[in-house]
Protein chains: 2
Amino acid sequence: MNSKIRSYSRAQAAKVTNVNAETIRYYESCGLLQPPARSAGGQRIYIEEHLQRLIFIRRSRELGFTLKEIKDLISLSDSSDRSCSQVRDLSAVHLRSIKAKIRDLKKMEKTLADMIKQCDANTTPTCPIIGALTS
Amino acid sequence: MNSKIRSYSRAQAAKVTNVNAETIRYYESCGLLQPPARSAGGQRIYIEEHLQRLIFIRRSRELGFTLKEIKDLISLSDSSDRSCSQVRDLSAVHLRSIKAKIRDLKKMEKTLADMIKQCDANTTPTCPIIGALTS
DNA sequence: ATAAACCCTGTAGCAACTACAGGGTCAAGT
DNA sequence: ACTTGACCCTGTAGTTGCTACAGGGTTTAT
């Protein structure tokens, strides 16, 4: 009655998470992904946990976080070895940078939405996109 | 009575924009920054326009855009050579990715804010930060 | 049993910086 | 005018974060 754990080859994990198969190996090599179990023939066997972490890493990278920052963020979730105040301080640092990123993206969003509106209205756009992030 | 234009050396531009001095040269070499005027001795002389573009590039990079994407975005602002529908379509593509980034960052923001709240309440945090971007 | 599709390790390439090396420029102080 | 120190120039080499082979072993499906 042991419930079977769904497992994945590297190519399968790559497909599900949308992370390149080579990149998965790279993340393991630099300690971002915990090394998975191996088959008798030495091939990696990934489980759900790995997929979740891979998705988290990919989306964080897309948001401009470095691998070091992502390592930091991941270590927060496994904070048994940290004091509460350490977790609090590290979280606060990242929270500030996240809020700044959201602000900048919203400025860009507004600028682009305005440009689309101008195009739809068929007026000649002056497109001051650079201005969006300099003020 | 000609109003003087404020100009900047590379180191000054680097300091003001918070872009590494070497990186400024790199952006020029790959066509992201328009080449500035030179002094008699051959040294680069930057003006406000360069600083604005540098700040735009830096902040866009921090938001996870590639240099190619940033080139695209910059070219939108100088869209005299494009049809309105081209500008509209390119803007729409970037707008979608920006909205997705905002969504992801807001999930992270909430997770981190919750962790800080838990720490403040002095309860043991379980810190499910990975979960923030996998659902 | 044999082919196709995948995996392994290791290494080499690419993008986007970052940091020299070896020499020239410039501005400030004397 | 001259020196000195901080900066600039070009070119090249190193770093990070991937991405793509090469040469060989494993797995799966027929």
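The chains referred to below are lettered A, B, ... by the order of the sequence lines, with proteins before strands, and numbering in each begins at 1.
- Both the sub-6.0 Å distance and the 45° axial angle are not jointly satisfied by A:R25 relative to the ring of A:Y27.
- Residues satisfying the side-chain contact (heavy atoms from CB on, under 4.5 Å) test with B:V93, not counting sequence neighbours, are B:R96.
- Here B:E48 does not pair with B:R6 in a salt bridge; the nearest charged N to carboxylate O distance is not below 4.0 Å.
- Listed in residue order, the members of residues 11-19 of chain B having a heavy atom less than 4.0 Å from DNA chain D are B:A11.
- B:K71 meets the salt bridge (charged side-chain N to carboxylate O under 4.0 Å, His left out) test with no other residue; sequence neighbours excluded.
- Applying the side-chain contact (heavy atoms from CB on, under 4.5 Å) criterion to A:Y26, with sequence neighbours excluded, gives A:S29, A:C30, A:L67.
- Every residue two or more places apart in sequence or in another chain was checked for a side chain to side chain donor-acceptor pair (under 3.5 Å) with A:Q43, and none qualifies.
- Hydrophobic clustering (side-chain heavy atoms under 4.5 Å, transitive across Ile, Leu, Val, Met, Phe, Trp, Tyr) keeps B:V16 apart from B:I45.
- B:E69 meets the salt bridge (charged side-chain N to carboxylate O under 4.0 Å, His left out) test with no other residue; sequence neighbours excluded.
- Between A:E49 and A:R53, the closest side-chain pair of non-hydrogen atoms is not below 4.5 Å.
- A:E62 meets the salt bridge (charged side-chain N to carboxylate O under 4.0 Å, His left out) test with A:R58; sequence neighbours excluded.
- Annotation: salt bridge (charged side-chain N to carboxylate O under 4.0 Å, His left out) contacts of B:R44 (sequence neighbours excluded): B:E28.
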*For B:V19 and B:I57, run side chain to side chain contact (heavy atoms under 4.5 Å, CB included): C-alpha distance rounded to whole Å, both residues' side-chain angles, the deciding distance at 0.1 Å, then the answer.*
CA-CA 9 Å; B:V19 174; B:I57 296 169; over 6 Å; no

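- The phosphate of D:dC7 has neither OP1 nor OP2 within less than 4.0 Å of any side-chain N or O from B:S9.
- Comparing the axis of the opening five pairs of the helix from C:dA1-D:dT30 to C:dT30-D:dA1 with that of the closing five pairs yields an angle of 10°, rounded to 10°.
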*Using a 4.0 Å cut-off on protein heavy atoms (strictly under), produce a 5'-to-3' string for nucleotides 24-30 of chain D with B for base contact, S for backbone-only sugar-phosphate contact, and - for none.*
-BSS---

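- Relative to the ring axis of B:F65, B:K101 places its NZ or CZ within 45° and under 6.0 Å from the centre.
- With a 4.5 Å cut-off on side-chain heavy atoms, B:Y8 and B:I47 do not count as touching.
- Within 4.0 Å of A:R58, counting heavy atoms only, lies no atom of the nucleic acid at all.
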What's touching nucleotides 15-19 of chain D from the protein side, N or O pairs under 3.5 Å?
residue : atom : partner : partner atom : Å
D:dG17  : OP1  : A:L67   : N            : 3.4
D:dG17  : O3'  : A:R61   : NH2          : 3.3
D:dC18  : OP1  : A:R61   : NE           : 3.3
D:dC18  : OP2  : A:Y27   : OH           : 3.0
D:dC18  : OP2  : A:R61   : NE           : 2.7
D:dC18  : O5'  : A:Y27   : OH           : 3.4
D:dT19  : OP2  : A:T23   : OG1          : 3.0

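- The residue B:R44 sits close only to the backbone: its heavy atoms come under 4.0 Å of sugar-phosphate atoms, none of a base.
- In the 5' to 3' direction, nucleotides of DNA chain C lying under 4.0 Å from heavy atoms of chain B begin and end at C:dA16 to C:dC26.
- Put simply, the side chain of A:D104 does not reach to within 4.5 Å of the side chain of A:M108, judged on heavy atoms.
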